[in-house]
Amino acid sequence: MPKNNNFRLPSLKDAQIRTKETVKIEHNLFKLPEPTRNLGVGRKFFLRTYGCQANERDSETIAGILLEMGFTRTDFEEEADFILLNTCAVRKNAEDKVLGELGMLKKLKTKNPDLMFGLCGCMAQEEEIVQLLLKKYPQVDLIFGTHNIHRLPELLYNAMMTKEKTVEVYSKEGEVIENLPVKRFGKHKAWVNIMYGCDKFCTYCIVPYTRGKERSRLMNDILAEIQELKDTGYKEVTLLGQNVNAYGKDLDIENGFATLLEEVAKIGIPRIRFTTSHPWDFTDDMIDVIAKYNNVMPAIHLPVQSGNSGMLKIMGRRYTSEEYKSLYDRIIAKIPNCTFSTDIIVGFPNETDQQFQDTLDMVDYCKYDLAYTFIYSPREGTPAARMEDNVPMDVKSERLQRLNEKVGLYSNMNNQKYVGKVVRVLVDGLSKKNDQVYSGYSEENKLINFTGSQVQEGDIVKVLITDVKSWSLNGEVVE
Ligand code: 5AD
Ligand code: SF4
C-alpha cells in the first residue's frame with residue numbers, strides 16, 4: 001500500500017499541455033488489492049453527483065468500485081460511513097453548492113468521528129479549490145481527480161487506515177481505462193462513454209483542464225459494451241463525450257463519429273442518443289447517418305453559446321453565426337422532425353447590446369425546443385478570466401431574463417405542434433408527482449406525462465398528445 005502524505009496536488013499549467021504522444025489504452029489496470037477487498041463490509045457510502053452526464057457516468061464507476069469493496073449504498077447522509085461528492089467546476093455557482101454542502105455535512109462528523117469525507121470530479125482538478133479545501137475544510141479526508149478513479153480503493157484505504165488527509169490528483173492528458181466496475185443507475189437507459197477530454201479550449205471553459213485531452217475509446221470496446229447492454233434488456237444508450245464529433249480523430253479513423261454511429265445503429269438497440277456535439281466538426285456524413293437509421297433519435301444538442309460571430313471568435317468557438325445557421329438548415333433539410341437544444345452564455349466579457357441582440361436573433365432563427373442559458377462565470381486559469389469585463393451584473397441578469405423569455409416562447413410553441421399527434425415514448429416509470437401518471441421521453445426528447453393501463457417501465461408505447469405544459473406534454477396511451 002502507498003505510504004501516506006502522498007500529496008499530489010493539481011496544476012492548471014500542467015493540465016493545459018497537449019502532446020502528440022499516443023494515448024495509452026489500458027484494459028487490465030484495475031485491481032482490488034487484498035486489504036481493500038473487504039474494506040466496505042458493514043459500511044455504507046453516500047454518493048452525490050453534480051454537473052454533467054460525464055460525471056453521472058463516472059459516479060456509476062465509483063459506485064461499482066465501492067460495491068466491489070463490500071460497501072452498500074445509502075440515500076441518507078446520516079447513515080453513511082463514507083460520503084463522496086462528485087463535483088462540477090463549470091461555473092462558480094456549481095462550486096458554491098458543493099462548498100455549501102460540505103459546510104452542512106460537517107456536523108455529521110461530530111456525531112460519527114469515523115465518518116470519511118471525500119471530494120472528487122472536476123473541482124478536485126482545480127488548484128485554487130484544493131488549496132481552499134486544505135485550508136478551510138478540514139472535514140475533507142480524501143481528494144482525488146478525474147484521471148485516477150481506478151485508484152479509489154487504495155486511496156480510501158490509505159485515508160481510513162492512517163486517518164490522515166489523502167490527496168491525489170493528476171494533471172495530465174490522461175489515458176483510456178477500460179474494464180472498470182460499473183453500477184448502472186438506469187435499468188433501461190445507459191450512458192456509454194465514447195471519448196474523454198476536450199481539446200477545443202473555448203476561452204471561457206475549464207473542462208479541457210479538468211478532463212484532459214481528447215481521447216477515444218476503441219470502437220470494438222464501445223460496440224461490445226452496447227451489444228451487452230442490448231442483450232441485457234437496455235432500450236436506450238446515450239453516447240457521451242465533451243465533443244462526440246471528434247470521435248476517432250486520435251485513432252485516425254476517417255469520419256470517426258459517423259462511422260461509429262452507424263455501427264452502433266446496426267446493433268439494433270431501440271434508441272441511440274449522443275451528446276455533446278460541437279458545431280465545428282458536425283459533418284454531413286453524420287447528418288446522413290442520423291437521417292438513415294430510425295433508432296438514432298432525431299434530437300440534437302448543438303451548443304451555440306452566442307449568435308454573434310465576433311463574440312464566437314473571442315470565445316474560441318471556430319464557427320461564425322452564418323456557419324451555425326447553415327448547419328442548422330442542412331440538418332433540418334434532411335431530418336425535418338429533428339428537435340434542437342442548445343447552450344447559451346450571456347454577459348461574456350464586453351458583450352454589447354447588439355451582440356446580445358444577435359443571440360436573441362439566433363434563437364428566433366433556430367426556434368430551440370430547449371436552451372440551457374447561463375451568465376458567464378470566470379474560471380481561474382482560462383483566457384477569458386484574464387479579460388477585462390465592462391458589463392455590469394445587472395445588465396447580464398436582465399439579458400438572461402430576456403433570453404429566457406424568448407426561449408420559453410419557442411419551447412411552448414414547438415410543444416403545441418404535438419397536440420393531436422401520436423409519439424413513441426420509452427416509459428421511465430410512474431411520475432414522481434402523481435402515481436396515476438407515467439412519464440417518459442419521446443424520440444424527439446420531449447418529456448411526456450401520460451395515462452394508460454398495463455404500462456410497464458422500459459416499454460416503448462404510443463401516446464396521443466392531448467395538451468401542453470411549459471416543459472412537458474400530456475397524453476394517453478393509444479395502444
Ligand atoms: N461560464 C458560463 N457558462 C459556461 N459554460 C461553460 N463554461 C462556462 C462559463 N465559464 C456553459 C457552456 C457549455 C455548458 C456545458 O456550460 O454553455 O456548453
Ligand atoms: Fe468546454 Fe468548448 Fe470543450 Fe465544450 S467544446 S467542453 S465548451 S472547451
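All ligand and atom numbering here is 1-based and tracks the order in the structure. For the single chain, residues carry numbers from 1 onward in sequence order.
Below 30°, between 30° and 60°, or above 60°: for Y319 and Y324 the angle between ring planes is between 30° and 60°, a tilted geometry.
Without hydrogens or angle criteria, Y234 side chain to G186 main chain gives a donor-acceptor distance under 3.5 Å. Judged by distance alone, with hydrogens and angles left aside, the side-chain atoms of S171 form a donor-acceptor pair with the main-chain N or O of S11 at under 3.5 Å. Checking side-chain atoms of N55 against main-chain N and O of T87 turns up a donor-acceptor pair under 3.5 Å.
Near V90, the atoms of ligand 1 lying under 4.0 angstrom from a non-hydrogen atom of the residue are 6 (C), 7 (N), 8 (C), 9 (C), 10 (N). Proximity to F374 (heavy-atom distance under 4.0 Å) selects the following atoms of ligand 1: 3 (N), 11 (C), 14 (C), 16 (O), 17 (O). Counting atoms of ligand 1 from 1 in the listed order, those under 4.0 Å from a heavy atom of I375 are 2 (C). Every atom of ligand 2 with a heavy atom of P208 under 4.0 Å away is listed here by number and element: 8 (S). Remark: ligand 1 atoms within the under-4.0 Å shell around heavy atoms of R379 are 10 (N).
The pair E26-R215 fails the salt-bridge criterion, with no side-chain N (NZ, NE, NH1 or NH2) lying under 4.0 Å from an Asp/Glu carboxylate O.
Ranking protein heavy atoms by distance to atom 17 (O) of ligand 1, first place goes to Q305 OE1, 2.6 Å. Counting protein heavy atoms only, atom 7 (S) of ligand 2 is closest to Y204 OH, 3.4 Å. In terms of protein heavy-atom proximity, atom 1 (Fe) of ligand 2 is closest to C205 SG, 2.3 Å. In terms of protein heavy-atom proximity, atom 7 (N) of ligand 1 is nearest to Y204 CD1, 3.3 Å. The closest protein non-hydrogen atom to atom 5 (N) of ligand 1 is R91 NH1, 3.5 Å.
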> What do the steps show when you test Y410 against D364 for side-chain hydrogen bond (donor to acceptor under 3.5 Å, both in side chains), and what is the final call?
Replying inline: CA-CA 8 Å; Y410 284 115; D364 284 327; 2.5 Å; yes
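Between atom 13 (C) of ligand 1 and the options V346, N93, T373, D343, the minimum heavy-atom separation is to D343. The option from S277, C198, C52 that lies nearest to atom 3 (Fe) of ligand 2, judged by heavy atoms, is C198. Between S377, A89, C88, it is S377 that holds the heavy atom closest to atom 9 (C) of ligand 1.
Residue V207 touches ligand 2 through its side chain alone, judged by heavy-atom distances below 4.0 Å.
Checked against the 6.0 Å centroid criterion, the rings of F117 and Y137 do not qualify as a close aromatic pair. Ring to ring, Y376 and Y204 are not that close: their centroids are 6.0 angstrom or more apart.
Taking backbone and side chain together, C202 holds no N, O or S atom under 2.8 Å from atom 3 (Fe) of ligand 2.
Not close to ligand 2: R211, with no non-hydrogen atom less than 4.0 angstrom away.
Between A299 and N445, the shortest heavy-atom contact is CB-CB, 3.9 Å. Listed here is the closest heavy atom pair of L261 and I272: CD1-CG2, 4.0 Å.
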